[in-house]
Amino acid sequence: MKGALGLAAAGVAALLLVGMQAVRDAGRESGEAPPELSPQAVLSMSEATPHGALAAFALETPIGRVGPDSIRARDLDAPEQRALQRLLDLIDETKREALSRLEEEALLSLDRGTADAAAAAIGDAEIDAFLRSAPALPAVAGSPRELASHVLSLRALRAARSQRLERLRGEIAAERFVPGRGEEDGTRWPAVAARVGSRTLTDADVESEARVPLFWLRSQLVAQLGRAFAAHADSLLLAREADARGTPADALAAAMTATELAPSEADVDAELRRRGLAEDGPPERRARARELLAFRAGDARRQALLSRLRAETPVAFLLAQPTPPRVEVAGSRPGPGDPPVTLVAFTNLRCRLCAATNEILDAVETGPYAGSVRVLRRPLFPEAALPLLADALVEACASAQQRGAALRRAVIDAVAGAGPVDSAALALRTVADPDRFAQCLADPQTRATVEAQRAEAQRLGFAEAPGFVLNGLPLLGFQGRARLEEIIAAEIVSSAQSDVATTALHWRP
Amino acid sequence: MKTRLPLSWLLLVPLSALLASCEEDAPKPPRLEPKRLYSIGDSITRAFDAYLPGDDLPLSWVNGSLGFWQQFLGAPNVNAHNQRITAAFGSSGRTNVIGAANGARWDDALSQAQNGIGGAPTYVTLMLGGNDVCRDTILDLPSGEEIQAHVASSLAYLDQNLPAGASVVVVGIPDIKRLYDVAISGEGGFGLIDCSAIWQTTALGFPCGSMLSPDNTEADRLYVQSQNELYNGIIELEVRNKKKLSTRIHYAFLPAATTAFGADDISSIDCFHPSGQGEALLSTMTWNSGPFGPTPAP
């Protein structure tokens, strides 16, 4: 995977150079001096996929064509270029964070010193001092002392790690080759991103570490460019039409919006009925309806003109949506006899959309794809959110007795009402063996498992619940039932064809 | 898709040109330091659903802060106007009051202004209009005249009652059509958040039915966008008029509709309000072009 990415990255870089050269050559062919592409002017983002499809763009390379003319990112409106820059900055920041994680892991792996002693237990005096000085606890807090103890433990662990890393940075030579933030060198990453002692960290390593969030960001990037290009292409076509007619562009626009006939009162009545509104309502509504109907008529003329212009002048957006990476969530690999689709859902018992997510998951498990989908739930919540950790432990222990679904329904019902919700108390009402449940809660291994699963979700790139991994495909945020089932259906087909599992991606501009 | 403005907008153009040709702004007292901050606005200013469900006041683009819990829970630092004021002018004599209310419209501006006057604020931000553009149905959008009346009355009140030398910064209405385009186009990219499904789960029905309802055509959405632009034109004209004529208060209009926000700037909780990142973007854009920023708007 890394080797393929490295080769592909090199290929993309070559493609980029070819693209830049094509720009220069085009300039020469037209007799114009080729544009000087300073490092600051060239913003490049490249992505290679295991399947060889390359999606590359640069500010100076074409993102689309309107007739024979190439449209580049720098032809877009200034606000769109700023939005593009922001996304590129996010991509760069995501890679830097990933590189920092890899650097820290490299340092820790090279540590020949004595590991720091485990943090001492948090005493009552420390908790008291914290509660006196800390700002008001968030509303989600349960027992203030338990939350304080949890927060202080986390702080101690983080501080110990920081101290250890600081010591290691003094002992182990490390160098980063990525330009610092603010240094004017574009956003192209070098093949070797950093060295930590004897360890080399490559751009491919960083891409792999952050493959999920980078994929999401690049999906957004292509979608954003597509939107901007479509708007730009329409403007260009209309401007050319105005030129051809020998009329200013705004005069053409005004001509399209001018109406000879005002909407009839029957049309207004129909519009009100269509919207479920009374025909004899406030006169302002009728006035607004007339204006809307007139606007629609003008827009219809504009669309008709654009349709003709597009038929006469081919418009093509050149960028492809990136192919999603496939990731493996620990413990989710299907075994013999397992259904063809594994859906891992990262949720918790309280997030705003988790109740709807649970209903959707129940429907997926029992609906038309029942038997074809195996749903696994994994906890996802902020590390410091002790009440959500408590919920996750309760859910894990209830699920161990096949009472997870019952617990979730009970919590959803309770949350819908007023007052605090005690998930442990609700679980005790549903589990068959309360003693076993209590033992499970008290078992340090339960907590270790839950925290490892939470950490894995965050490491993959999921920052907040809900999130999904469907046959390795990462899905960001809430997903409706229709979309999940669409992907499930595609995966079932792929699985039946015994092909390398690829889900058809159709970017709809 | 590019939009077209209704003919009524064209009437505003000659007026603005007339104003531009007038003499310089009326002389005013020296601008006061913005240490006493008061925000007039809606759920955007309250950072509703920006990070956690409900109001996330520390993530407000105006009144936000970065406290212990925000840092510990990993919430973003929006570097709000409140934080920038402290950084630039110090922490002594500071007040930071949120007058904004969820669901507020321009007809709430005057009452919010009245609620805040007692604190003698020296820096007032005013961002309203999203809930005027966002109605359950397109046919209930307010008229330009209504918007104009509310803007005029609230600015008149502030002009008469704020301490002389105070600053009023009025931010335009974001491009709500762009919200729809960004959210829906995300469905064209694999693996991104399913916003239309989120909107369907909203208990009160589609947020912003006038723009986001699936019953609307693209032409309907473009029409709403044209009203969005009309309101912004009216708001800008009123503010610029006040800026020229006021002898007490410093005014600035900051457009928000030209901010090309992206998918990450939208809340993953409701696919409607700004996310923490969106609040940070709003703070940066408005501060930088505001009267105390590095590139003040004219």
Heavy-atom proximity to chain B below 4.5 Å, by part of A/Val151 = both

Side-chain ion pair, A/Arg227 and B/Asp181, N-O less than 4.0 Å = no

Whatever's closer than 4.5 Å to a heavy atom in chain A on B/Thr217 counts as side chain

Taking only Lys NZ, Arg NE, NH1 and NH2, and the carboxylate oxygens of Asp or Glu, determine whether A/Arg483 and A/Glu486 approach each other closer than 4.0 Å.
-> no

So does A/Arg454 pair up with A/Glu464, basic N to acidic O under 4.0 Å?
-> no

Intermediate values then yes/no, ring pair (Phe, Tyr, Trp, His ring centres under 6.0 Å), A/Trp216 and A/Phe462 | CA-CA 11 Å; A/Trp216 288 330; A/Phe462 293 91; 5.2 Å; yes

For A/Leu277, is it the side chain, the backbone, both or neither that has a heavy atom under 4.5 Å from a heavy atom of chain B?
-> side chain

B/Leu192 side chain near A/Ser219 side chain, heavy-atom distance below 4.5 Å = yes

Any idea which of B/Asp265, B/Val224, B/Thr259, B/Asp215 has the most non-hydrogen atom pairs under 4.5 angstrom with chain A?
-> B/Asp265

So which part of A/Leu292 gets closer than 4.5 Å to some heavy atom of chain B, the side chain, the backbone, both or neither?
-> both

Of the listed B/Gly54, B/Ser143, B/Pro53, the one with the largest count of heavy-atom pairs under 4.5 Å with chain A is B/Pro53

Chain A contact via B/Asp264 - which portion, at a heavy-atom distance below 4.5 Å | both

A/Ala230 portion near chain B, given a 4.5 angstrom heavy-atom threshold | neither

Would you mind checking which part of A/Ile360 comes under 4.5 Å of any heavy atom in chain B, side chain (CB onward), backbone (N, CA, C, O), both or neither?
-> neither

Given that the side chain runs from C-beta out, which part of A/Arg481 has a heavy atom under 4.5 Å from chain B: side chain, backbone, both or neither?
-> neither

Which residue out of B/Gly262, B/Cys271, B/Pro142 racks up the most heavy-atom pairs below 4.5 Å with chain A?
-> B/Pro142

Under 4.5 Å from a heavy atom of chain A, the part of B/Asp175 involved = neither

Does a side-chain N-to-carboxylate-O contact under 4.0 Å join A/Glu271 and A/Arg296?
-> yes

Any luck finding a side-chain donor-acceptor pair between A/Glu291 and B/Tyr223 under 3.5 Å?
-> yes

Contact class of B/Ser268 relative to chain A, heavy atoms under 4.5 angstrom | both

Going by an N to O cut-off under 4.0 Å, is there a salt bridge joining A/Asp234 and A/Arg310?
-> yes

Give a yes or no on whether a salt bridge exists between A/Arg352 and B/Asp270, defined as a side-chain N under 4.0 angstrom from a carboxylate O.
-> no

Okay, A/Leu90 and chain B: the region with an atom under 4.5 Å from a heavy atom over there is side chain

Inspect the contact between B/Asp220 and A/Arg275 and indicate whether a charged nitrogen and a carboxylate oxygen are less than 4.0 angstrom apart.
-> yes

Residue among A/Pro79, A/Gly281, A/Gly477 with most heavy-atom pairs under 4.5 Å to chain B | A/Pro79

For chain B, which of A/Glu80, A/Glu383, A/Arg86, A/Glu284 has the most heavy-atom pairs under 4.5 Å?
-> A/Arg86

